[in-house]
Number of protein chains: 2
Amino acid sequence: MTGNGVERTSRAVATRQLIIETAERLFAERGVTAVSNRQVSEAAGQGNNTAVGYHFGGKADLVRAIVRDRHQRVEHLREETLAQVRGSVTVRDWVAALVLPTTRHLADSGSPTWFARFAAQAATEPAFAAMITEEALNSPALNEIRTGLDACLPQLPRSVRQQRAEMARTLMVHTVADRERALADGTEPSAESWDAAAHGLIDALTGMWTAPVTPLH
Amino acid sequence: MTGNGVERTSRAVATRQLIIETAERLFAERGVTAVSNRQVSEAAGQGNNTAVGYHFGGKADLVRAIVRDRHQRVEHLREETLAQVRGSVTVRDWVAALVLPTTRHLADSGSPTWFARFAAQAATEPAFAAMITEEALNSPALNEIRTGLDACLPQLPRSVRQQRAEMARTLMVHTVADRERALADGTEPSAESWDAAAHGLIDALTGMWTAPVTPLH
DNA sequence: ACGGCAATCAGTCACATGCCTTAATTTTGC
DNA sequence: GCAAAATTAAGGCATGTGACTGATTGCCGT
């Protein structure tokens with residue numbers, strides 16, 4: 001049947017993983033909707049042109065599988081980081097806990113990487129945006145970081161808090177994607193390393209979260 | 001010949017404009033690459049299924065035309081705003097000059113609007129990203145605002161300035177797109193009005209730009 | 001009024017895609 | 001080992017797409 005996440009034969013999980021990685025790369029380079037399931041299957045070396053359909057169901061399910069695969073890897077890093085910040089009441093610490101797991105993962109993954117560009121596109125594409133945010137809520141560590149950050153900013157009005165949370169998410173996703181794209185293009189990235197990019201992002205996000213709220217008019 | 005921007009008959013410019021507006025809507029709702037030229041032509045009421053090809057050349061040229069059309073409208077508002085801030089040395093003033101023209105244009109355009117979502121997608125799609133940034137550089141007012149803002153932050157290192165400029169751009173584009181999407185979905189937007197969203201964005205961006213730069217390690 | 005020409009319409013063709021069917025091959029449960 | 005299930009291979013089919021072609025409409029200046 002359609003591989004629905006249940007453990008299958010080792011060959012099957014290998015091809016699943018191969019398709020996931022191939023698709024992530026193609027999607028990042030050419031665009032999620034611009035790449036057909038057929039192209040993914042063929043690029044993954046599958047003679048069967050319906051390999052994506054067989055293993056995942058459809059493109060949406062493939063996208064979800066890619067996201068889950070990466071989330072799973074980043075989650076470990078998030079838990080590590082979380083252990084070090086837990087109990088802190090400093091905005092910067094919690095912002096760092098939000099940023100560093102992702103950038104560390106990218107740095108550890110060698111070069112080139114594709115996940116950041118893929119994620120930015122998937123989050124922007126109307127067909128997948130809802131799914132992406134939905135998947136993000138499944139991370140316990142991420143939710144704990146969010147509440148920890150909220151606790152550092154008790155005076156922030158609800159609407160401002162919500163707006164800044166959206167902005168923070170947007171900023172993280174697209175900033176790392178921009179750097180990844182620059183690395184892939186060969187154009188000079190604005191930060192020397194993933195660590196430098198992360199620190200710049202943490203500075204900026206901390207400034208954003210702690211910015212004074214001016215009244216309307 | 002292919003409508004290349006030169007003034008043609010009134011019927012042609014009318015259909016061109018009709019296609020532009022139809023395409024903007026379809027692209028915003030379903031995704032730029034997910035919508036075919038054929039669908040755009042038909043949705044615009046053109047019996048000819050190659051109307052897009054005839055009037056614009058290809059999808060990339062259509063996207064460019066949409067962007068130019070909106071840029072042109074926003075540019076007027078930018079010049080007005082610019083006249084009021086010119087000479088200021090306050091970061092917040094220049095940030096406001098960056099944000100308000102777009103949000104004002106969206107507020108003035110009635111409801112629903114589609115440009116913000118379209119722009120966010122086009123800027124993220126690898127096939128169009130370069131063109132979008134290229135088009136953005138054609139705005140004299142925008143460039144003056146950028147230099148004005150830079151002048152307010154003379155102590156900022158080059159790399160940090162560049163990184164924050166990218167972040168500011170990303171943040172503006174996607175934040176207004178998020179609000180537009182929320183309006184279209186019927187979900188509660190995090191800001192009550194375009195003005196409120198703009199002020200929240202200005203607060204956040206000002207905080208981001210003026211955030212202290214911490215050294216690495 | 002009328003002839004030229006831009007603009008629109010209508011139909012066609014080659015091609016890629018998603019989905020389906022069938023067969024071959026590998027893995028698993030017993 | 002062996003039968004059954006799972007996986008991969010291979011090809012076909014209907015549909016949608018971009019590009020091309022020729023016919024038709026309607027506006028323009030003379």
Donor on one side chain, acceptor on other, A:Gln17 and A:Glu21, under 3.5 Å = yes
Check ion pair B:Arg146-B:Asp150 (N to O, under 4.0 angstrom) | no
Tell me, for nucleotides 13-24 of chain D in 5' to 3' order, what letter each nucleotide earns: B for a base near a protein heavy atom under 4.0 Å, S for only sugar-phosphate near one, - for neither?
-> ----BBBB----
Kindly indicate, with the supporting measurements, whether the criterion side-chain contact (heavy atoms from CB on, under 4.5 Å) is fulfilled by A:Val40 and A:Lys59.
-> CA-CA 10 Å; A:Val40 172; A:Lys59 187 177 278 189; over 6 Å; no
So does B:Glu144 pair up with B:Arg78, basic N to acidic O under 4.0 Å?
-> no
Take B:Phe56 and B:Ile20 through the test side-chain contact (heavy atoms from CB on, under 4.5 Å) and record every step on the way to the result.
-> CA-CA 10 Å; B:Phe56 298 93; B:Ile20 284 179; 3.7 Å; yes
May I have the distance from A:Gln46 (atom CD) to D:dA9 (atom C1'), rounded to whole angstrom?
-> 10 Å
Give a yes/no on whether any side-chain N or O of A:His55 is located under 4.0 angstrom from OP1 or OP2 of D:dA6.
-> no
Give the rounded distance in Å between these two atoms: CZ of A:Arg16 and P of D:dA6.
-> 15 Å
Under 30°, 30 to 60°, or over 60°: which ring-plane class applies to B:Phe118 and B:Phe27, parallel, tilted or perpendicular?
-> parallel
Given atom CZ of B:Phe56 and atom P of C:dA7, what is their separation to the nearest angstrom?
-> 12 Å
Judged by atom type as modelled, is there a donor-acceptor pair below 3.5 Å linking the side chain of B:Thr175 to the main-chain atoms of B:Met172?
-> no
Whole-Å distance, A:Tyr54 OH to D:dA5 P, equals 13 Å
Using a strict cut-off of less than 4.0 Å between a Lys/Arg side-chain nitrogen and an Asp/Glu carboxylate oxygen, indicate whether A:Arg64 and A:Glu134 qualify as a salt bridge.
-> yes
Using a heavy-atom distance cut-off of less than 4.0 Å, which residues of residues 19-32 of chain A contact DNA chain D?
-> none
